Amino acid sequence: VQLQASGGGLVQAGGSLRLACAASGSTFHINAIGWYRQAPGKEREFVANFSTGAANYADSVKGRFTISRDNAKDTVYLQMNNLKPEDTAVYYCHLYSDRVYWGQGTLVTVSS
């Protein structure tokens with residue numbers, strides 16, 4: 001399985017970005033797919049995912065971020081609204097099937 005993330009960039013606080021993660025290869029029997037992030041000097045943390053068909057969110061992004069998926073394209077999206085400087089991080093696409101797979105990461109920078 002390969003994961004290709006895109007959509008990061010620089011945005012002002014209050015702005016929006018949409019990340020995309022395209023999966024390719026053996027994408028059957030996906031247990032979970034979604035996003036983690038890692039801010040400078042911090043550990044990688046969960047952001048949002050689909051697991052057993054349900055969308056799950058970290059408390060810090062609830063009400064601001066929305067995860068969606070296009071099964072025909074094997075792509076999962078993360079719509080990020082009302083971005084805050086503390087959302088600045090490298091965002092990693094994550095997929096769990098037979099094992100855990102990670103994308104290459106895409107940088108999101110939110111300026112104050």
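Not measured: the values here are computed from a predicted model.
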| With a 4.5 Å limit on heavy-atom distance, are the side chains of Gln4 and Gln104 in contact? | yes
| said: If hydrophobic clusters are built by linking Ile, Leu, Val, Met, Phe, Trp and Tyr wherever their side-chain heavy atoms come under 4.5 Å apart, do Val1 and Val76 end up in the same one? | reply: yes
| query | Taking all atoms of both residues into account, what is the closest heavy-atom pair of Leu95 and Ala23, and its distance? | reply | CD1-CB, 4.3 Å
| Looking at CE of Met80 and CH2 of Trp35, how far apart are the two atoms once the value is rounded to the nearest 0.5 Å? | 8.0 Å
| request: Kindly state each residue pair satisfying ring pair (Phe, Tyr, Trp, His ring centres under 6.0 Å) with at least one member in residues 92-111, sequence neighbours excluded. | output: Tyr36-His94, Tyr36-Trp102, His94-Trp102
| message | Tell me whether Phe50 shares a hydrophobic cluster with Phe46, the cluster being built from Ile, Leu, Val, Met, Phe, Trp, Tyr side chains joined at under 4.5 Å. | response | no
| Side-chain touch His29/Asp98, heavy atoms, less than 4.5 angstrom | no
| message | Quick one, Leu19 and Val108 - any side-chain contact, counting heavy atoms below 4.5 Å? | response | yes
| Side chains of Thr66 and Leu78: does their closest heavy-atom pair fall under 4.5 Å? | no
| query | Leu17 versus Leu83: any side-chain heavy-atom pair under 4.5 Å? | reply | yes
| message | Holding to side chain to side chain donor-acceptor pair (under 3.5 Å), I want the full list of residues that pass it with Gln79, two or more places apart in sequence or in another chain. | response | Asn81
| message | Could you measure the distance from the CG atom of Asn31 to the CZ atom of Arg99? Nearest 0.5 Å is fine. | response | 13.5 Å
| field | Under 3.5 Å donor-acceptor, Tyr57 side chain and Ile67 backbone | value | yes
| request: May I ask you to decide whether Asp87 forms a salt bridge with Lys84, counting only side-chain N to carboxylate O separations under 4.0 Å? | output: no
| request: Please round to the nearest 0.5 Å and tell me the distance separating atom CG of Leu3 and atom OG of Ser24. | output: 7.5 Å
| Tyr91 and Arg37: side-chain donor and acceptor closer than 3.5 Å? | yes
| request: Search all heavy atoms of Asn49 against all heavy atoms of Ala32 and return the closest pair with its distance. | output: ND2-CB, 3.9 Å
| message | Can you give me the closest heavy-atom contact between Lys42 and Gln38, atom names plus distance? | response | O-NE2, 3.1 Å
| query | Considering all heavy atoms of both residues, which atom of Ala13 and which atom of Pro85 are nearest to each other, and what is their separation? | reply | CB-CD, 4.1 Å
| Sub-3.5 Å donor-acceptor pair from the side chain of Thr88 to the main-chain atoms of Glu86, do we have one? | no
| message | Measuring only between side-chain heavy atoms, which start at C-beta, is Thr106 closer than 4.5 Å to Val90? | response | no
